[in-house]
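Order of listing sets the numbers, starting from 1, for every ligand and every atom in it.
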Amino acid sequence: MEIDVFTLFPEWFEWFRQQRHVRTVLAAGGRLECVNYRDHTPLGGGQVDDTPFGGGAGMVLRVDVVDAALRARYGIDPVELRDRRRVIALTPGGRLLDDSVVDELAAEESLTLLCGRYEGFDERVLEHLASERLSIGRYVLAGGELAAMVVCDAILRKLPGALGHDDSALEESFSPALAGAPEYPHYTRPSDYRGWPVPEVLLSGHHANIRHWRLEQSRSRAEAQARERQNRRPAAEPGPLP
Ligand code: ADE
């Protein structure tokens, strides 16, 4: 897996690259590299953003800057690049990340993640340079860097060997192995703490019963979540604009 992250803050990823599961994947031949938009800007003084046409608060990441950075990295017109490689713009309104999207991305050989900053991207980045848009949730972060790290973390931990135990990522919350349900609860020593005992069945050594109990727990958590979703007020529909 080779991931390129385009960002104005490559130093944020130094910490991320040092984390154990990331180091393991990198040592096994994976790649996670950052490209600083500012290093490739065609504008003077390291400029990368500009005020929005039509007025309004904040600054917008310029399309010519993103174009130049992609071109410098890959040596071809980014408009062609996006047909050959997934170029993913991180933006709050994009496709929502979930376990199946992570599986889909983890199966790719290479990915490009574009981080926005300030008010986000000039819309032409999304329309003409990115192949898709991805969101880690319906809230707005100050930029795409933390979202990119979430995406990388979720992908890298699925790669063989990342967690030191290949089964760890198989039977986990929302995985096909649990039919998309949340994972069952885990316990470790002490078996009784302040009168909070570990369920008896887990201490029984009876593997079939343990398996049955775990699947039951997982299923009832899924049902509880479904009930919660039903009881929740429907997400506010965007109202008429003022
Ligand atoms: N950039 C800012 N907020 C974001 C979000 N929620 N998801 C992805 N990218 C973002």
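The atoms of ligand 1 that sit less than 4.0 Å from any heavy atom of L90 are 8 (C), 9 (N). Those atoms of ligand 1 that come under 4.0 Å of a heavy atom in G137, given as number and element, are 6 (N). Those atoms of ligand 1 with a heavy atom of G143 less than 4.0 angstrom away are 1 (N), 2 (C). The L134 neighbourhood of ligand 1 comprises atoms 8 (C), with distances under 4.0 Å to a heavy atom of that residue.
Of the N or O atoms in L141, one or more lie within a sub-3.5 Å distance of an N or O in ligand 1.
A heavy-atom distance below 4.5 Å is not found between the side chains of H40 and V48. M59 has its side chain out of reach of R117: every pair of non-hydrogen atoms, C-beta onward, lies at least 4.5 Å apart. Residues F9 and N36 form no side-chain contact, since every pair of their non-hydrogen atoms from C-beta on lies 4.5 Å or further apart. At least one side-chain heavy atom of R214 sits less than 4.5 Å from a side-chain heavy atom of L202.
Using modelled atom types, one finds no donor on one side chain facing an acceptor on the other under 3.5 Å when comparing R86 with T112.
By the criterion of a heavy-atom distance under 4.0 Å, the side chain of A147, and not its backbone, is placed next to ligand 1.
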Counting only pairs under 3.5 Å, give me each side-chain donor-acceptor contact of residues 14-21, with atom names and distances, residues two or more places apart or in other chains.
from : atom 1 : to   : atom 2 : distance (Å)
R17  : NH1    : L32  : O      : 2.1
Q19  : NE2    : W15  : O      : 2.7
H21  : NE2    : D153 : OD2    : 2.7

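Of the protein's heavy atoms, I136 N, 3.0 Å lies nearest to atom 7 (N) of ligand 1. In terms of protein heavy-atom proximity, atom 6 (N) of ligand 1 is nearest to Y139 O, 2.8 Å.
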